[in-house]
Number of protein chains: 2
Amino acid sequence: MAAPRGDGLKYERVLNALRSRIADGTYPPGMMLPSQSQLVAEFDVSRPTVIEALRLLRQEGLIESQTGRGSFVRGKVPALNLERAYPGQRLLDLAESESSAELLQAGIIVAPVRVTTLLELPAGSKAFLRQYVLSDEDGPIELVSAWFPIDLVTGTKLTSPEPMDEGIRRHLYGRKRLRLDYAMERTLARSATAEEAHALKMPAGAPVLNLVVTGHDADGKALQLVDAVLPGDRHELRDAYPLT
Amino acid sequence: MAAPRGDGLKYERVLNALRSRIADGTYPPGMMLPSQSQLVAEFDVSRPTVIEALRLLRQEGLIESQTGRGSFVRGKVPALNLERAYPGQRLLDLAESESSAELLQAGIIVAPVRVTTLLELPAGSKAFLRQYVLSDEDGPIELVSAWFPIDLVTGTKLTSPEPMDEGIRRHLYGRKRLRLDYAMERTLARSATAEEAHALKMPAGAPVLNLVVTGHDADGKALQLVDAVLPGDRHELRDAYPLT
DNA sequence: TCGCCCAACCTGTCATGTCAAGTTGGATTG
DNA sequence: CAATCCAACTTGACATGACAGGTTGGGCGA
C-alpha cells in the first residue's frame with residue numbers, strides 16, 4: 001500500500017501527534033502517556049492502530065511500556081539531526097540525466113587490476129566502463145567510472161552513449177531482473193593521476209578522495225563497481241551516528 | 001503478559017522456525033520465503049501472528065519484504081563484511097595505553113580556527129590539546145590530536161603527560177559525569193603539512209585522509225574534537241550497508 | 001495500622017475478517 | 001518483438017472482538 005507522506009496512515013497520525021507532544025513538552029520525561037483505550041477514543045481509531053503507533057515510539061526510544069502499568073516518556077530525546085551517510089548508495093543510484101553528468105566514454109575496455117579483482121573477473125580481462133564527469137557552477141567536481149561485467153550490460157541501455165534517464169540500479173532491475181542487496185565502500189586519499197587531473201581540471205598530483213563502491217546481490221556477488229574521484233579541496237564526506 | 005522464553009508465544013514459534021531455516025541454508029539468500037498465507041497454513045496460526053514474526057525478522061535484517069512481491073532472505077547476515085563503520089567512535093574511545101600511542105604533547109595552546117569553530121569557542125581562544133602518534137611495525141600510521149574546552153579537562157587525568165589507561169569518553173564520564181551521546185564525522189583528503197609529514201615520517205605534501213570527529217552530548221553541545229591524520233597510502237576506510 | 005483481597009485499570013497476544021495497493025507473468029494485440 | 005491488460009498472487013493497513021497476565025489502589029478485617 002503506497003502511503004502518502006506523514007499522516008496518510010492512521011497509525012502515522014497517532015504517531016506524529018504523540019511525537020509532537022513529547023517534543024514540545026506537553027508530555028515531559030517520566031510522564032505516563034494516556035492509556036491505549038484513551039488514545040483509541042481520542043483519535044477514533046482501533047486499538048491495534050494505537051498499538052502500532054506506540055510500538056514505533058518505543059522503537060525510536062521516545063517511550064517505554066510495561067504490561068499492566070502503562071507507557072512513559074523516556075528521559076532523553078535522541079538528537080533528531082543524526083543521519084548516517086550512504087555515499088556509495090548515492091553513486092549506485094545516480095541517474096545521469098538528473099545530474100550534471102557529462103558522459104566521457106562508454107564501452108568495453110581492459111579493466112584495471114583493482115576492478116577485475118573486486119568484480120571477481122580474470123586478471124587482464126575486459127569490462128564495460130561508463131565514465132562521466134559531474135560539475136557545478138565552479139567546474140568539474142567528480143569523476144565517476146562505473147564498471148560492469150560485460151554480460152551484465154548486454155541488452156541494456158548502458159551500452160548507449162546517451163545519458164541514462166534512470167538510475168543504473170533501477171535500469172538493471174528493469175532489464176535484467178538483477179537486484180543489488182548491499183554496498184561495500186572503500187575510501188582512500190591519494191594523488192590524482194594525470195588523466196584524472198585533466199578531466200577534473202586540477203593540478204596533477206593534487207590530493208583526491210577516492211571512493212570505490214561495489215554493489216552486491218544477495219549471494220555476495222559483486223555486480224557493479226563505481227569508482228569516484230573527488231578533488232580533495234572541494235569535498236568533505238559527512239556522517240553522524242549515536243554512540244554506543 | 002509474561003511469556004516463557006523461546007517458543008512460548010505463537011509468533012515466537014514462527015519466528016524461531018524461520019530463523020533456523022535461514023541460518024541452516026534451507027532458505028538461502030535471495031530466496032523468497034513462503035507467503036504469509038502459506039505460513040498461516042503451515043503453522044496453524046493467524047495472519048497477524050505471522051506478520052509479527054516477519055516484522056521481527058525484518059528488524060533483525062534477515063529478510064526484506066515488499067508489498068505485492070513477497071519476503072526475501074537478505075544477503076550474508078550477519079557477516080563481517082556487512083558492518084557499518086564507526087571510525088569516529090573508535091577515535092573517541094581510544095585508550096592510549098592499550099594502543100601503540102606515543103604522546104607528543106599535552107597542554108593548553110591557542111587552537112586552530114577549525115577547532116574553535118567546531119567546539120563553539122571564541123575565535124583565537126586556547127583549548128586543551130592532547131596529541132600522539134600511533135604506529136605499527138612499519139612506522140607511524142596515524143597522527144591524532146584530541147581537543148577539549150579547557151574547563152572540561154580540569155580535574156581529570158587528561159592534563160597529565162602519562163598515557164591514559166582508559167578511553168577518554170569513559171574517563172570524562174567517571175570524573176565529570178559528562179556523557180557523549182553522538183558523534184559527527186567529517187572526512188577529507190588533503191596534503192600533509194610539514195609538521196604532520198615530519199611526525200608521520202612521510203614526504204611533505206603527500207596525500208592524507210583527515211578525519212575530524214566531534215563528540216556531542218544529548219543537548220548537541222560539542223564536548224570534544226578529535227582530528228586524525230592518516231597517510232593516504234597506508235589507510236583505506238571500509239564501510240558496508242544494505243541498500244534501500 | 002497493617003496485610004490481604006479484589007475490582008478496575010493497564011498492556012500483550014491472538015483470532016477473524018475486510019479492504020487497499022503493489023508485483024508478476026501470461027495472454028493478447030498491434 | 002514490444003506494449004498493454006488483467007488475473008492471481010503478494011504484503012500492508014485497519015477493524016472488531018476476546019483472552020491472558022501485570023499493576024495499582026481502595027476497602028475490609030484482624
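Chain naming here is simple, since letters A, B, ... match the order of the sequence lines and numbering starts at 1 in each.
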Using nucleotides 14-18 of chain D, report all nitrogen or oxygen pairs with the protein that are shorter than 3.5 Å.
residue	atom	partner	partner atom	Å
D:dC14	OP1	A:Lys10	N	2.4
D:dC14	OP2	A:Tyr11	N	3.4
D:dA15	OP1	A:Lys10	NZ	2.7
D:dA15	OP2	A:Ser46	N	2.9
D:dA15	OP2	A:Ser46	OG	2.9
D:dA15	OP2	A:Thr49	OG1	2.7
D:dA18	N6	A:Arg47	NH1	3.4

Query raised in the report: Separation of B:Leu54 atom CG from D:dT11 atom C1', in whole Å?
Result: 10 Å
Query raised in the report: Which part of the nucleic acid, if any, lies within reach of B:Arg58 when heavy atoms closer than 4.0 Å are counted: base, sugar-phosphate only, or nothing?
Result: sugar-phosphate
Query raised in the report: Once you round it to whole Å, what is the distance between C1' of C:dG12 and CG of B:Leu15?
Result: 16 Å
Query - Qualifying residues under side chain to side chain contact (heavy atoms under 4.5 Å, CB included), relative to A:Leu56, sequence neighbours excluded - result: A:Tyr11, A:Leu15, A:Glu52, A:Gln59
Query raised in the report: Taking only residues two or more places apart in sequence or in another chain, which ones pass side chain to side chain contact (heavy atoms under 4.5 Å, CB included) with B:Ser20?
Result: none
**Report entry** Spacing of A:Glu64 atom CD relative to D:dT23 atom C1', expressed in whole Å
**Finding:** 15 Å
Report task. Round to a whole Å and report the spacing from CD of B:Glu52 to C1' of C:dA15. Result -> 15 Å
Report summary line: Contacts of A:Arg114 meeting salt bridge (charged side-chain N to carboxylate O under 4.0 Å, His left out) (sequence neighbours excluded), chain-then-number -> B:Glu236
Please produce a list of atom pairs where a protein N or O lies less than 3.5 Å from an N or O of nucleotides 4-10 of chain D.
residue	atom	partner	partner atom	Å
D:dT10	OP1	B:Ser35	OG	2.9
D:dT10	O2	B:Gly68	N	3.1

Give every donor-acceptor pair under 3.5 Å between a side-chain atom in residues 115-129 of chain A and any protein atom, sequence neighbours left out.
residue	atom	partner	partner atom	Å
A:Thr116	OG1	A:Val113	O	2.9
A:Thr117	OG1	A:Val113	O	2.8
A:Ser125	OG	A:Pro122	O	2.6

Report summary line: Across all chains, not counting sequence neighbours, the salt bridge (charged side-chain N to carboxylate O under 4.0 Å, His left out) partners of A:Arg186 are none
Requested in this report: Taking atom CG of B:Asp44 as the centre, report whether more than 12 heavy atoms of other residues, nucleotides or ligands fall under 6.0 Å from it.
Outcome: no
Query - For B:Phe72, all residues meeting side chain to side chain contact (heavy atoms under 4.5 Å, CB included), sequence neighbours excluded - result: B:Met32, B:Glu64, B:Arg69
Requested in this report: Measure from CZ on A:Phe72 to P on D:dT23 and round the result to the nearest Å.
Outcome: 12 Å
Requested in this report: Just jot down the salt bridge (charged side-chain N to carboxylate O under 4.0 Å, His left out) partners of B:Arg21, sequence neighbours excluded, or say none.
Outcome: B:Glu42
Query - Distance, rounded to the nearest Å, where B:Ile51 contributes CD1 and C:dC14 contributes P - result: 13 Å
